[in-house]
Structure formats: C-alpha cells, structure tokens
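Reminder, nothing fancy here: chain letters follow the sequence lines and each chain counts from 1.
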Amino acid sequence: MQIFVKCESEGSVPEWALVELQGLIQMKEEKRNGPTVVGDLHYFNRSRHPVLVLGHHVLNGKEVKLEQAMAVMEKVNEEDKVSYRVKAIVKKKLLFKSRPKPIISNVSERV
Amino acid sequence: METREERTSDDVRKVIKTAKLHESELTETTQVLQFPGPDQQNHNLRLMLLDDNLLKEIEAGNQLIFKGDTDENAVLCTSNKTYDIKEAETSNSLLLVPDLLFAASTGLDETNANNSMEADSDSSFERSNTSLNQSAECDEEKTPRNIVFKDILDTFFTYYELKPCKPRLSKLRKLLEPTKYRGSELEYSVDKSKLLTYDAIFDQVQSSREELDEELVKIQAIKIDEHYRLLEFDYEFRVLSYLLDLIDENSWSLDKISKEVTLESLKDLVPECILNAMFMFYSEESVIEDGVQYYRYKENKVCRFLARVLLKSAGKFNLVEFLQAWRDSVPEGMATDESLLAGIALVDKTSTPQVVWGFSENDLPEDINQRFKVLFQTKAKWTVSEISPYIELYATEKLNVNALLTKHARASTQDGVRVFSAKHMK
C-alpha cells in the first residue's frame with residue numbers, strides 16, 4: 001500500500017516555528033468559540049532572547065536552530081484515500097528549558 | 001475577534017510590568033500566543049524529522065511515499081532512497097506556531113542594536129538604573145505596542161524519526177515466485193490472476209523506484225506482456241544453452257559475439273522480450289569494429305550458472321569429478337574457478353574424497369537467527385569469505401559482515417585461520 005506525501009511546488013514551502021516548553025500547558029478553561037490567550041512573547045533588544053509570560057510565570061528561552069529540520073504534514077482524506085501534504089518546514093524553535101520564574105506581585109487587580 | 005479587542009497595549013504593558021520586565025529592553029512587537037477556537041485547531045498534523053536529503057526533496061517539491069501493508073513497519077521512500085520510520089516521544093510540549101516572528105523580525109533595527117551595544121559597556125548597576133528610568137519614561141510615552149496574535153495550531157509530544165535503511169526487497173522474489181515462466185508451451189498452467197504489473201509490484205514492495213528497478217534487473221525479472229516474471233531455472237538454462245551454442249556454430253571468438261545474428265537465429269525459439277533480456281543479463285559490450293558493436297558473455301556469470309546446473313540434483317559430488325565436468329560444460333576459452341562457487345556451493349576438503357554440494361543463498365531462511373542456525377548445522381566452522389555470501393544480505397553501512405559475525409557467531413582460530421562457529425554449541 002502506498003500513501004503519498006505531496007509537497008508544494010518549488011520554493012513555496014513556508015517556514016513555521018516550534019515553541020518548546022517543559023511539561024504541558026493546562027488551560028483553566030477553553031473558550032467554546034474564539035481563541036484562548038496563552039501568553040505574551042517578547043524579545044530582548046540586547047540579547048535577542050525570547051521571554052514568554054505565561055500566566056504567573058516568566059520563562060526565559062533562546063532561539064535554537066533544529067539539528068534536523070522538521071516537516072509539518074497534514075493528513076488529508078479525499079474520497080476515502082489518505083494522503084499527506086507538507087504544509088511547512090520547521091528549521092528553528094524557541095526553546096524554554098529553564099525553570100519558570102514565578103511572578104511575585106502585590107497587584108490586586110487581575111491580569 | 002472579540003478577544004483581539006480585549007487585549008490592548010495597556011494589557012500587555014501591565015503584564016510586562018508585573019513580570020518585572022522593562023519595556024525599553026524589549027523589541028517593539030509583542031506576540032500573543034493563543035489557542036485558536038476549536039473550529040480552527042488542526043489535529044491532523046504530524047511532525048517528521050528530515051535529514052538533508054529529505055529536506056532537499058521536499059524543498060524541490062518532489063513527492064515522497066509512505067509504503068507498507070498493515071502487517072509491515074512503514075517506510076518512507078524518495079525516488080531513490082528508503083527510510084525506516086520510528087515514532088519518537090518527548091516529555092516537552094512542542095507548540096506549532098505558523099508565521100511566528102523570530103527576534104530579527106520584531107523591530108530590532110540598527111539603532112536599537114547600536115544602543116544595546118553601547119549599553120553593554122555600562123556597569124550592570126547603571127544599566128538597571130537607566131532601564132528603570134527608561135521604563136518609567138516609556139510608560140508615559142504610551143506609544144502603542146505592536147501587538148500581533150499568533151495561533152498555536154496544535155501541541156505535539158511525538159514526532160517521526162527517519163533513518164535511511166535498506167529497501168525491503170525479499171518480498172519481491174516471493175511475489176514473483178508463483179508465476180515463473182517455464183516456456184510458452186507451459187503458459188497455460190500459470191495462474192493468470194497472480195501475474196503482476198510494475199505498478200502492482202511497486203505498490204507492494206517497500207522500496208524506492210530506483211532501488212526496485214535495480215533489484216528487478218538483479219534477480220533477472222523480465223517484462224513479458226506488461227507483467228514481470230522470473231524465468232524458471234530449467235528454462236533459463238535452455239535459453240542460455242541456445243545462446244552459448246551459437247558461439248560454436250558461428251565459430252565466433254569469445255569477445256566478438258554478434259547481437260544481431262544471435263537475436264535473428266533464435267527468434268523462433270525464444271520470445272523476443274526474453275531473448276533480449278537474457279542477452280542483456282549475460283553479455284557486456286566488448287569491441288566496436290566497422291561501426292558494429294560486438295559483445296562478450298560475462299564469463300563468471302556463465303560459469304556460475306553452469307555450475308548450478310551441474311549441482312542441481314541433490315547430494316554430494318566428488319570435487320575432482322565435478323570440477324572436470326564443470327570445465328567441460330562451459331564454452332571453450334572460459335575458465336572455471338573454485339572461487340566462483342562462493343554462495344552457490346560448499347566444498348568439504350576434509351573428507352576423502354573431497355566433496356562439493358549445491359548450497360544456495362536463496363534457499364536459506366530469511367530470519368537472520370534461523371539462517372545462522374541452518375548455516376552452522378550445515379557446516380560447523382566457516383571462514384569469513386566462505387560465510388559472507390550467505391549473510392551479506394543483512395549487512396548495512398553501520399553493521400558489516402564482521403560485525404554480524406561478532407554478534408551471531410563465535411570466533412576461533414584453526415590452523416592459523418580465523419573461523420566462525422555457532423555461539424551455543426550443543
């Protein structure tokens with residue numbers, strides 16, 4: 001049996017990114033319709049390192065080139081025939097491997 | 001859209017402040033990561049690691065193919081390579097974000113870069129002071145931050161790992177075995193439903209196109225009326241004999257075989273496609289004279305085949321008698337040599353008289369452990385060169401024949417020669 005992996009024509013494969021975190025993100029609740037905000041991602045001017053504010057945690061990370069690129073493939077079901085389509089290539093990721101720093105504040109209002 | 005309006009520059013600033021970050025130290029774009037609504041989440045995505053070759057294939061827009069039946073481990077094939085697929089797990093979560101901006105594209109312009117260079121020379125104490133001041137200033141300035149929303153398409157904990165591997169070709173022979181060609185007079189007895197076209201074979205064999213094509217030539221599969229067939233041993237012998245007999249008939253010298261005459265003389269005896277293919281399998285170009293290309297038969301190949309013919313009947317032969325009969329069976333001028341028997345016959349020089357018997361790699365079990373068992377049952381001690389033809393099939397770049405032997409056999413030295421025997425003696 002063969003399952004085809006179709007690639008977009010030359011030069012048109014977009015580059016996407018991965019954000020790698022330790023553990024997993026658990027949302028208190030996800031909205032039924034519409035998006036749920038996870039966190040704010042900034043970059044430091046000086047070091048170009050990313051910083052992610054995630055709920056009550058600050059995560060410092062860095063931009064890392066993947067040792068091996070990754071393909072993002074989408075499984076497509078057409079007329080009972082399964083195939084894959086390469087949607088994008090991932091070459092870089094933002095890696096947040098350090099321990100998250102908790103935000104300690106006396107702010108009474110909710111953020 | 002509602003949510004987008006909910007998060008303003010002020011919201012983001014507030015978070016920056018409570019997180020004890022200083023806005024002035026950050027580039028001007030904030031990316032708000034979000035899980036999109038359920039209708040936009042995509043759980044049909046998979047991640048797959050690519051080596052340089054696969055990356056090139058994909059960037060060139062070439063098609064890749066996953067191959068395998070339900071009872072086989074899938075492989076991925078390019079046009080000329082085969083990859084083994086394994087699913088790898090990670091305890092980290094991988095969030096897939098299309099169009100994520102990296103630092104370089106978030107407003108890190110030249111001036112900013114220069115400023116930070118200068119700031120580098122400040123003492124850390126001063127720096128933290130200035131940044132405190134700056135952040136206070138910025139708050140007053142209230143230039144709106146550039147806020148963009150980025151969707152997390154899906155979160156991954158697994159991805160596929162690919163390793164180049166040998167194509168899995170042993171199935172090919174099995175697929176072609178039931179429909180061997182035994183001559184036109186016996187065609188009626190062949191089960192037509194088992195005949196296979198190229199596409200049907202390609203669909204079932206876990207191999208790239210190029211690797212399959214090579215193997216089809218190697219095992220001498222011939223395309224007869226759209227279907228690939230193997231020649232039955234006796235029939236192959238018949239055709240080869242016709243070919244070789246023409247040498248004598250026409251008093252050709254061995255390197256001046258005429259393809260034209262050969263094909264013309266035998267066209268009534270052998271179907272054209274088989275004749276062509278057999279000529280191709282057994283001959284190579286030799287000289288060009290007066291614009292005509294002449295051929296010579298591959299000596300080793302012819303000799304090996306004729307040895308197999310002699311050894312075909314079961315049982316052991318007296319080595320001296322066999323070598324004589326073999327010499328007599330090959331066309332004049334071709335030289336037989338005992339070394340050509342590697343992989344098709346075994347010689348026992350310890351017995352009196354010395355004997356030889358047919359022992360073909362193709363007849364051995366496919367499973368490597370089973371195969372070693374049979375090999376050591378047949379003969380207790382093997383030199384590397386003796387055993388190589390029977391286990392080469394399993395060798396890979398990383399695991400060569402010697403490594404295989406180290407793993408599956410016990411090494412010892414006999415009369416100064418390194419030999420291998422079964423790991424566990426009975």
Side-chain angles (χ1 to χ4, degrees), chain A residues 1-11 13-14 16-25 27 30-46 48-53 58 63 68-76 84 86-90 92 94 103 105 107 111, chain B residues 2-3 7 12 14-16 18-21 25-27 30-38 42 44-51 55 58-69 76 92-100 102-104 106 108 112 116 119-120 149 151-152 155 159 203:
Chain A
M1 192 174 75
Q2 304 178 61
I3 296 172
F4 295 107
V5 183
K6 288 166 195 141
C7 308
E8 309 293 326
S9 58
E10 195 171 345
V13 196
W16 289 1
L18 283 174
V19 176
E20 181 169 346
L21 305 173
Q22 285 193 331
L24 81 163
I25 302 174
M27 306 303 291
E30 274 190 55
K31 290 205 181 96
R32 287 283 166 88
N33 41 20
T36 316
V37 169
V38 174
D40 295 343
L41 175 69
H42 314 273
Y43 289 100
F44 285 112
N45 255 331
R46 184 193 309 269
R48 302 189 174 206
H49 286 173
V51 55
L52 181 63
V53 185
V58 179
E63 188 181 311
Q68 284 194 324
M70 275 186 175
V72 180
M73 298 183 300
E74 184 178 26
K75 196 172 177 177
V76 192
Y84 283 88
V86 176
K87 300 269 284 184
I89 301 278
V90 180
K92 284 189 285 189
L94 297 181
I103 297 174
S105 67
V107 197
V111 262
Chain B
E2 272 175 49
T3 338
R7 257 187 106 67
V12 173
K14 223 175 274 169
V15 173
I16 291 176
T18 38
K20 300 204 169 62
L21 298 168
E25 290 182 347
L26 305 174
T27 57
T30 297
Q31 300 181 79
V32 179
L33 302 183
Q34 59 184 17
F35 289 124
N42 191 340
N44 280 325
L45 297 175
R46 302 282 180 274
L47 296 177
M48 181 170 84
L49 280 177
L50 306 171
D51 69 0
L55 181 62
I58 284 181
E59 285 179 334
N62 294 336
Q63 179 177 269
L64 308 174
I65 310 172
F66 286 115
K67 295 180 88 172
D69 287 339
L76 180 74
N92 288 0
S93 34
L94 304 170
L95 314 181
L96 181 65
V97 189
D99 313 317
L100 184 83
F102 286 102
T106 55
L108 184 89
N112 263 333
S116 52
D120 267 345
F149 291 84
D151 285 343
I152 299 168
T155 305
Y159 50 87
D203 191 64

Quiz item: Does A/M70 reach the side chain of B/L49, with side-chain heavy atoms less than 4.5 Å apart?
Solution: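 Yes, side chains in contact.
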Self-check item: Side-chain heavy-atom pair B/D151, B/V97 within 4.5 angstrom cut-off
Solution: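 Heavy-atom side-chain distance check fails, nothing below 4.5 Å.
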Self-check item: Contacting region of B/L55 [heavy-atom separation from chain A under 4.5 Å]
Solution: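 Contact with chain A is through the side chain of B/L55 alone.
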Self-check item: Portion of B/T155 that has a non-hydrogen atom of chain A nearer than 4.5 angstrom
Solution: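 Neither part, no heavy atoms under 4.5 Å.
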Quiz item: For residues B/D203 and A/Q2, is any side-chain donor paired with an opposing acceptor at under 3.5 Å?
Solution: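 Yes, a side-chain donor-acceptor pair sits under 3.5 Å.
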Quiz item: So which of A/I89, A/L52, A/V19 has the biggest tally of heavy-atom pairs under 4.5 Å with chain B?
Solution: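 Option with the greatest count: A/V19.
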Quiz item: Do you know which of A/V58, A/V72, A/V51 has the most heavy-atom pairs under 4.5 Å to chain B?
Solution: A/V72
Exercise. Name the option with the most non-hydrogen atom pairs under 4.5 Å to chain A; the candidates are B/L94, B/D69, B/D51.
Key: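 The option with the most such pairs is B/L94.
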Quiz item: Looking at residues at least two apart in the chain, or sitting in another chain, which of them share a salt bridge (charged side-chain N to carboxylate O under 4.0 Å, His left out) with A/K75?
Solution: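 By the salt bridge (charged side-chain N to carboxylate O under 4.0 Å, His left out) rule, A/K75 matches no residue at all.
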Quiz item: What residues, two or more places apart in sequence or in another chain, satisfy ring pair (Phe, Tyr, Trp, His ring centres under 6.0 Å) together with B/Y159?
Solution: none
Self-check item: Sidechain N-carboxylate O distance under 4.0 Å for A/E63, A/R48
Solution: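 Salt bridge absent between A/E63 and A/R48.
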Practice problem: Can you tell which part of A/A88 gets under 4.5 Å to a heavy atom of chain B, answering side chain, backbone, both or neither? | Solution: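 Looking at A/A88, nothing touches chain B.
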Practice problem: Identify which part of A/V76 has an atom lying under 4.5 Å from any heavy atom of chain B, answering side chain, backbone, both or neither. | Solution: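 Looking at A/V76, nothing touches chain B.
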